[in-house]
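Presented below is the structure to which this report refers.
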Number of protein chains: 2
Amino acid sequence: MNVGRRVDYAVRALSYLAGQPTGKIVSRVEIEQKQAIPSYFLSKIMKDLVAGGLVQSHIGSKGGFTLARPAESISVKEVYETVERPIVLMECLDKGENYCSYCGVCTQRSVWDKAQSLVASYLGGVSIGDISDPRGLTGRLAALSR
Amino acid sequence: MNVGRRVDYAVRALSYLAGQPTGKIVSRVEIEQKQAIPSYFLSKIMKDLVAGGLVQSHIGSKGGFTLARPAESISVKEVYETVERPIVLMECLDKGENYCSYCGVCTQRSVWDKAQSLVASYLGGVSIGDISDPRGLTGRLAALSR
DNA sequence: TGAAAAAAAGACCTAGTAGGTCTATATTTG
DNA sequence: CAAATATAGACCTACTAGGTCTTTTTTTCA
C-alpha cells in the first residue's frame, strides 16, 4: 500500500503544466528542474502520459509538452492508472472470480473491494486543476526563504 | 498500492482462529491447511502477530495459537500494521515535515493524506470478528462442491 | 523418562521490480 | 547546418516479496 515515485513525479509534472498559460510548451528539462525530478527520469513517465492521451508532445527544437486536455478534466486517479497500473489492492479483485479458486468463499474479498472503491473514488474526484502549481516546488521553496 | 500476501494470510489465520470455540488451541499446520496458506510461511507471520499481542502462542506438543483478544476488538487495520508496516501512501506523510525539504510547499501532500485517512479509518472499522471463518477456505470450498 | 509434537528463531534462496542513468536516433527550429 | 528536443530503449543496482528449510527449545503424554 504505497504510491510509487512515478505517480508522484507524474502529478508534479502535470501540476506544473496546468499552471502554465494555455498552450505554453514546456521542455522536459524545465519540468524536472522546477519540480525537483531526477534528470532523465521524466522521459519515461511522459512517454506514458502521452500514450495515455493526458499530454501532448512537441518534437524538435523549442519542443516540449502541453496538457492534452483541460486540467480540470484530469483526475489523480487517471494519472495514477496511466503511469502505473489500475488501482487494485489485491489481485483477485481485478481478475475474475476464477483467478483464485477461493474467491467464491473468501470472507475478506469484500473488505478490500470496499477499501479500494473508497480510495479510487476519492482520487477520481481530485483533479490536476485542483493542485496546479505554476511555479513548481523549487520556485516556491526559494520564494519562502526570501 | 497493493496489499501483500502477508496481510492476506494473517487475516485468514486470524479469521480462522476467531471461528473456533474460545480458548481452542490450533496448530500452525492446521491453519495453513484450512486456509490454503503455503507450508511454513505462516510461522513468520504468526511470530509478528504474537509479538504484536494479537495472538497467544502455546509451545510444545498440543501447542498452537489462540487469539489473545476478542475478535471484535482486532481491526483489519491493526492486523495490517502488525504484519507489514503502518498504512502510509507516501513516505513524506509519515516522517515529519523535514523528511523532504519540499513538504512545506507540496500541493499533493494533502491529497494522499486524505486518501490514506479514508482507507485507514475504513479498515479500522472492520474487525476480525466481522469476517470470522470457522471452517476455512478449503472446508467451505469442499462443502460447495458437494 | 523418552519420544513426539509443536513453536521460535533465523538462515537461505529466487525472481521481480522500483528507481534511476545513459545513449543513439529522429524531428524540428532558426 | 547546428542546436534543441522528444523517442526509444538498453542497462544497472539494490531492495523486497514470497517462499522453503533447519536447528533449538519447550511441552505433553504414554
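Chain identifiers are assigned alphabetically (A, B, ...) following the order of the sequence lines, protein sequences preceding nucleic acid strands; residue numbering begins at 1 within each chain.
Each of dG19(D), dA7(C), dA6(D) was ranked by its minimum atom distance to the side chain of Ser57(A); first place goes to dA6(D). Listed nucleotides: dG20(C), dA8(D), dG10(C). Nearest to the side chain of Lys47(B): dG10(C). When the nucleotides dG20(C), dA8(C), dG19(D) are ranked by their closest atom to the side chain of Tyr9(B), dG19(D) comes out on top.
Whole-Å rounding puts the Met90(A) CE to dG18(D) P distance at 9 Å. dT20(D) atom P lies 12 Å from atom CD1 of Ile45(B), rounded to whole Å. A straight line from CG of Asp48(B) to P of dA9(C) spans 11 Å, rounded to a whole angstrom. Rounded to an integer number of Å, the gap from CD of Gln56(A) to P of dT7(D) is 11 Å. The distance from atom CE of Met46(B) to atom P of dA8(C) is 9 Å, rounded to the nearest whole Å. Between the P atom of dA17(D) and the CZ atom of Arg5(B) lies a distance of 13 Å, rounded to the nearest Å. For His58(B) and dA6(C), the NE2 to C1' distance is 12 Å, given to the nearest whole Å. Rounded to whole angstrom, the span from the CD1 atom of Ile37(A) across to the P atom of dG20(C) amounts to 10 Å.
Side-chain nitrogen and oxygen atoms of Arg85(A) include none within less than 4.0 Å of the OP1 or OP2 phosphate oxygen of dT17(C).
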For nucleotides 22-30 of chain D, print each protein N/O atom paired with a nucleotide N/O atom at under 3.5 Å, atom names and distance only.
from	atom 1	to	atom 2	distance (Å)
dT27(D)	O2	Ser61(B)	N	3.1

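When Glu30(B), Arg135(B), Gln35(B), Glu32(B) are each tested for a side chain to side chain donor-acceptor pair (under 3.5 Å) with Tyr16(B), only one passes: Glu30(B).
Salt-bridge check for Lys77(A) with Glu81(A): passed, with a basic side-chain N closer than 4.0 Å to an acidic carboxylate O. A salt bridge links Asp133(A) to Arg140(A): at least one charged side-chain nitrogen sits closer than 4.0 Å to a carboxylate oxygen. In summary, Glu84(B) and Arg5(B) do not engage in a salt bridge, as defined by a charged side-chain N under 4.0 Å from a carboxylate O. We find that Asp8(B) and Arg12(B) are joined by a salt bridge, their nearest charged nitrogen and carboxylate oxygen being less than 4.0 Å apart.
Annotation: the span from Ile25(A) atom CD1 to His58(A) atom NE2 amounts to 4.0 Å, rounded to 0.5 Å.
Nearest heavy-atom pair, Arg6(B) versus Lys44(B), reported as atom, atom and distance to 0.1 Å: NH2-O, 4.2 Å.
Between Phe65(A) and Lys44(A), the one whose closest nucleotide on DNA chain D sits nearer the 5' end is Phe65(A).
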